[in-house]
Amino acid sequence: MSAKFDAKAVSGMFKNALNRTLTKIAKEQKKMLRDDIKVKNKHLHAKRLKRVRAKQNDLSIKLTSTTKYITPFMLEKSARPHPSGYYELENKRGGKFYGTRKKGVSVSGWNIGKGCISGSVYYYVQKISNLDEALLSYTEKLQEKAKTIFDLEIKKDWK
């Protein structure tokens with residue numbers, strides 16, 4: 001007697017395995033950002049790092065991110081610009097930023113922005129990179145991990 005092939009059940013198993021893989025890879029992505037760039041965990045939330053989960057009729061998963069700047073105050077204190085040459089300022093609304101007397105496009109990997117308040121020009125530390133650009137550097141590592149995790153997840157469902 002031959003067993004019936006249930007396409008819907010197989011599709012459901014693949015969907016579940018893909019979504020479990022996506023969850024684990026998203027956690028790994030956040031861990032890489034925290035470990036390598038020292039971004040604080042509170043800045044790595046669902047508005048900035050989005051997951052597109054697999055559906056029954058669309059078996060594809062994605063990790064996307066916004067083009068948010070990685071600013072000095074998004075980082076742990078040890079990863080912020082060195083205090084020499086920089087000073088901390090506060091804007092009208094109470095937000096903090098680093099001012100500098102250094103003119104130029106980049107200092108120690110940090111981009112320098114230019115602003116003007118009531119006629120006087122000032123320079124400030126703008127960003128180290130964009131969040132989406134930083135995440136692109138992890139793509140190959142994450143794809144390799146996703147393949148191994150997906151293989152393990154599929155094996156769980158086929159037992």
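Quick note: numbers below take in every heavy atom, side chains included, and nothing from hydrogens, waters or symmetry partners. One-based numbering along the sequence shown. All values derive from a computational prediction rather than experimental measurement.
The main-chain N or O of A17 is found under 3.5 Å from a side-chain atom of T21 such that the two form a donor-acceptor pair. Side-chain N or O atoms of S137 include none that pairs as donor or acceptor with a backbone N or O of E133 at under 3.5 Å. Proximity of a side-chain donor or acceptor of R48 to a complementary backbone N or O of H43 within less than 3.5 Å is detected.
Remark: K156 NZ to N16 CG distance equals 11.5 Å, nearest 0.5 Å. Atom CG of L152 and atom CD1 of I149 lie 8.0 Å apart (nearest 0.5 Å). Taking OH from Y138 and CE from M32, the interatomic distance works out to 7.5 Å, rounded to the nearest 0.5 Å.
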Output a table of donor-acceptor pairs, distance under 3.5 Å, between side-chain atoms of residues 60-78 and any protein atom two or more places apart or on a different chain; print 'none' if there are none.
residue : atom : partner : partner atom : Å
S60     : OG   : D58     : OD1          : 3.0

query: Going through the checks in order, is the side-chain contact (heavy atoms from CB on, under 4.5 Å) test met by I112 and Q126?
result: CA-CA 5 Å; I112 304 297; Q126 186 179 36; over 6 Å; no

- prompt: Please walk me through it: do L18 and F150 pass side-chain contact (heavy atoms from CB on, under 4.5 Å)?
  reply: CA-CA 7 Å; L18 282 167; F150 181 69; 3.6 Å; yes

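Every pair passing salt bridge (charged side-chain N to carboxylate O under 4.0 Å, His left out) that includes a residue from residues 18-33 is listed here, sequence neighbours excluded: R20-E153, R20-D157, K24-E153, E28-K145, K31-D35.
Counting non-hydrogen atoms of neighbouring residues, nucleotides and ligands closer than 6.0 angstrom, the CD atom of Q56 exceeds 12 such neighbours.
Cluster membership check: L59 shares its hydrophobic cluster with I154, using side-chain heavy-atom separations under 4.5 Å among Ile, Leu, Val, Met, Phe, Trp and Tyr.
Side-chain atoms of L142 and Q29, non-hydrogen and from C-beta on, do get closer than 4.5 Å to each other. I128 is not listed as a side-chain neighbour of N111, based on a closest heavy-atom distance of 4.5 Å or more.
Shown here for H45 and K42, the closest heavy-atom pair between the two residues is CD2-O, 3.3 Å.
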